[in-house]
Number of protein chains: 2
Amino acid sequence: MKLLTRNTDYAVRAICCMASKPEKVFTVAELTNGLKIPRPFLRKILQLLNKEGIVRSTKGLGGGFTLAMKPSRIFLSVLMEAFQGPLKINECIFKKKICPDIGRCPLRRKINMIEDHVVSELRSVTIGSLIKKG
Amino acid sequence: MKLLTRNTDYAVRAICCMASKPEKVFTVAELTNGLKIPRPFLRKILQLLNKEGIVRSTKGLGGGFTLAMKPSRIFLSVLMEAFQGPLKINECIFKKKICPDIGRCPLRRKINMIEDHVVSELRSVTIGSLIKKG
DNA sequence: TTATAATGATACCATTTTAGTATCATTCTG
DNA sequence: CAGAATGATACTAAAATGGTATCATTATAA
Ligand code: FES
Ligand code: FES
């Protein structure tokens, strides 16, 4: 059961890193040093985060990435959706074949309940909630 | 987010099928007819179910597979474990690197909570509960 | 104004996991 | 013994994931 894929995980850490100094512009190199993530891969990740508006990029010398939102507004669920697609648990294989009435299929009902719970939990996690140290 | 992989799904359906006539010995061919699962693949699945003691096989002419347990005792969680490994949500990537104290990492705590919920839900689903039609 | 340091865009490759096949051995029944 | 079934196991195919490479663009500063 994989909940977070690697790029989501990387994204989370990178953002946590950046959240520690909100004003600083981080170059990819700096972030990789701290995090030991393959550099070109992290670049790709940051580029997507930029498109998503979670991070802001500036080009050229002295450029790099900064958070575009407050950590408390960055939801784990949003990161997961960006990197892993919609938060949906897989459909069943035999659509109508087996299940006479998909609306009443007890397996699907159960799966949907699980999904609802998982998703609502994920939606409650923000980067902000992750970095406030204990 | 994939909860059930294909072979688990196939296994569930095959078992549901078999549960409808508990005394009948099903040949693989019969099951594939009903279910449209690639025959050799279903064989492999049934062989594993046999090893797990969920299904009983008899060889030779007139042989095939029967359920070895009552549907109400066959848990979805057990099938998932058999086909997909332990019901554990992925560990984080940077073991000790980032997380100063894994016991206190709020992300991990959250993930663990989600995992506990999912697993306990899955443990409550049996084939029996799936086949009692509404 | 040009060299350089940064990201943007994108195509490509590698690895791992999942899905599915093929084959031969074994066993049971008639 | 013939044939119908599964047992065991090795192999292949396809998809998802993880990671590289490359060239274009932009900004800074000597
Ligand atoms: S057919 Fe998909 S859960 Fe019932
Ligand atoms: S390091 Fe894994 S969840 Fe904190």
Side-chain angles (χ1 to χ4, degrees), chain A residues 1-14 18 24-33 35-68 80 82-86 88 90 92-94, chain B residues 1-14 18 24-33 35-68 80 82-86 88 90 92-94:
Chain A
M1 287 196 302
K2 180 152 43 185
L3 205 60
L4 278 65
T5 60
R6 206 119 161 188
N7 39 16
T8 308
D9 191 314
Y10 286 164
V12 170
R13 322 262 170 203
M18 298 169 75
K24 181 169 166 49
V25 173
F26 288 89
T27 178
V28 173
E30 289 170 322
L31 288 170
T32 51
N33 283 342
L35 296 170
K36 307 291 181 198
I37 299 172
R39 187 163 156 176
F41 194 30
L42 182 55
R43 267 189 75 192
K44 196 159 86 170
I45 289 167
L46 286 164
Q47 287 179 5
L48 177 53
L49 287 174
N50 179 43
K51 279 184 187 159
E52 297 287 328
I54 293 161
V55 127
R56 196 171 16 238
S57 78
T58 49
K59 288 166 139 190
L61 185 61
F65 299 89
T66 333
L67 286 193
M80 290 179 67
F83 290 101
Q84 309 178 190
K88 245 322 45 312
N90 52 222
C92 42
I93 313 287
F94 308 97
Chain B
M1 288 196 302
K2 180 151 46 182
L3 205 61
L4 278 65
T5 60
R6 206 119 162 189
N7 39 18
T8 308
D9 191 315
Y10 287 164
V12 171
R13 321 260 171 207
M18 298 169 74
K24 180 169 167 49
V25 173
F26 288 88
T27 179
V28 173
E30 288 171 323
L31 288 170
T32 52
N33 283 343
L35 297 170
K36 305 292 182 197
I37 301 172
R39 186 162 156 175
F41 194 28
L42 182 56
R43 266 189 76 189
K44 197 159 84 170
I45 289 167
L46 286 164
Q47 285 179 5
L48 177 53
L49 287 174
N50 179 45
K51 278 183 189 161
E52 298 286 329
I54 293 161
V55 125
R56 197 172 13 239
S57 77
T58 48
K59 287 167 141 188
L61 184 62
F65 298 88
T66 332
L67 287 193
M80 291 179 66
F83 290 102
Q84 309 177 193
K88 227 43 244 49
N90 53 222
C92 42
I93 313 288
F94 307 97

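Heavy atoms only: backbone and side chains are in, while hydrogens, waters and symmetry mates are out. Each chain gets a letter, A, B and so on, in the order the sequences are listed, and its residues count up from 1.
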Q: Write down the distance between CG (Leu42(B)) and P (dA5(D)), rounded to a whole number of angstrom.
A: 15 Å

Q: Send over the distance from Met80(B) CE to dT18(C) P, rounded to a whole Å.
A: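 About 12 Å, once rounded to whole Å.
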
Q: Taking the side chain of Gln47(A) as its heavy atoms from C-beta onward, which of dG8(C), dT21(C), dG19(D) lies nearest to it?
A: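 Between dG8(C), dT21(C), dG19(D), the one nearest the side chain of Gln47(A) would be dG8(C).
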
Q: Below 4.0 angstrom from OP1 or OP2 of dG8(C), is there any side-chain N or O of Asn50(A)?
A: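 So the side chain of Asn50(A) is within the cut-off, an N or O lying under 4.0 Å from OP1 or OP2 of dG8(C).
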
Q: Once you round it to whole Å, what is the distance between P of dG7(D) and CZ of Arg56(B)?
A: 13 Å

Q: Ignoring hydrogens and angles, tell me if any N or O in the side chain of Gln84(B) forms a donor-acceptor pair with the backbone of Leu3(B) under 3.5 Å.
A: yes

Q: Between Phe65(A) and Lys2(A), which residue's closest nucleotide on DNA chain C lies nearer the 5′ terminus?
A: Phe65(A)

Q: Please confirm whether the shortest side-chain N or O distance from Ser57(A) to OP1 or OP2 of dG8(C) is below 4.0 Å.
A: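 Result: yes.
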
Q: Has Thr27(B) got a side-chain N or O lying under 4.0 Å from the OP1 or OP2 atom of dA4(D)?
A: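 No.
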
Q: Check the distance between dA8(D)'s C1' and Lys51(B)'s NZ and give it to me in whole angstrom.
A: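 Those two atoms, NZ and C1', are 7 Å apart.
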
Q: N/O contacts under 3.5 Å, protein versus nucleotides 22-30 of chain D?
A:
| from | atom 1 | to | atom 2 | distance (Å) |
| --- | --- | --- | --- | --- |
| dT26(D) | O4' | Lys59(A) | NZ | 3.3 |

Q: Nearest 0.5 Å, please: how far is CG in Leu48(A) from CG in Asn7(A)?
A: 8.5 Å

Q: For the atom pair OG1 (Thr8(B)) and NZ (Lys2(B)), what is the distance rounded to the nearest 0.5 Å?
A: 10.0 Å

Q: Send over the distance from Phe26(A) CZ to dT7(C) C1', rounded to a whole Å.
A: 17 Å

Q: Nearest whole angstrom, please: distance from the P of dA19(C) to the NZ of Lys44(B).
A: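 These atoms are roughly 10 Å apart.
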
Q: Once you round to the nearest 0.5 Å, how far does CE of Met1(B) lie from OG1 of Thr5(A)?
A: 12.0 Å

Q: Heavy-atom count around Lys24(A) NZ within 6.0 Å, excluding the residue itself: above 12?
A: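 More than 12 heavy atoms, drawn from other residues, nucleotides or ligands, come within 6.0 Å of this atom.
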
Q: Kindly determine whether Leu49(B) and Phe83(B) satisfy side-chain contact (heavy atoms from CB on, under 4.5 Å), including the steps that lead there.
A: CA-CA 9 Å; Leu49(B) 287 174; Phe83(B) 290 102; 3.8 Å; yes

Q: Nearest whole angstrom, please: distance from the P of dT17(C) to the CZ of Arg6(B).
A: 19 Å

Q: Determine whether Thr66(B) and Val55(B) satisfy the following criterion, side-chain contact (heavy atoms from CB on, under 4.5 Å), listing intermediate values before the conclusion.
A: CA-CA 6 Å; Thr66(B) 332; Val55(B) 125; over 6 Å; no

Q: Can you tell me if Tyr10(A) touches the phosphate of dG19(D), counting only side-chain N or O atoms and a distance under 4.0 Å to OP1 or OP2?
A: yes

Q: Whole-Å distance between dT9(D) P and Leu48(B) CG?
A: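 That distance rounds to 13 Å.
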
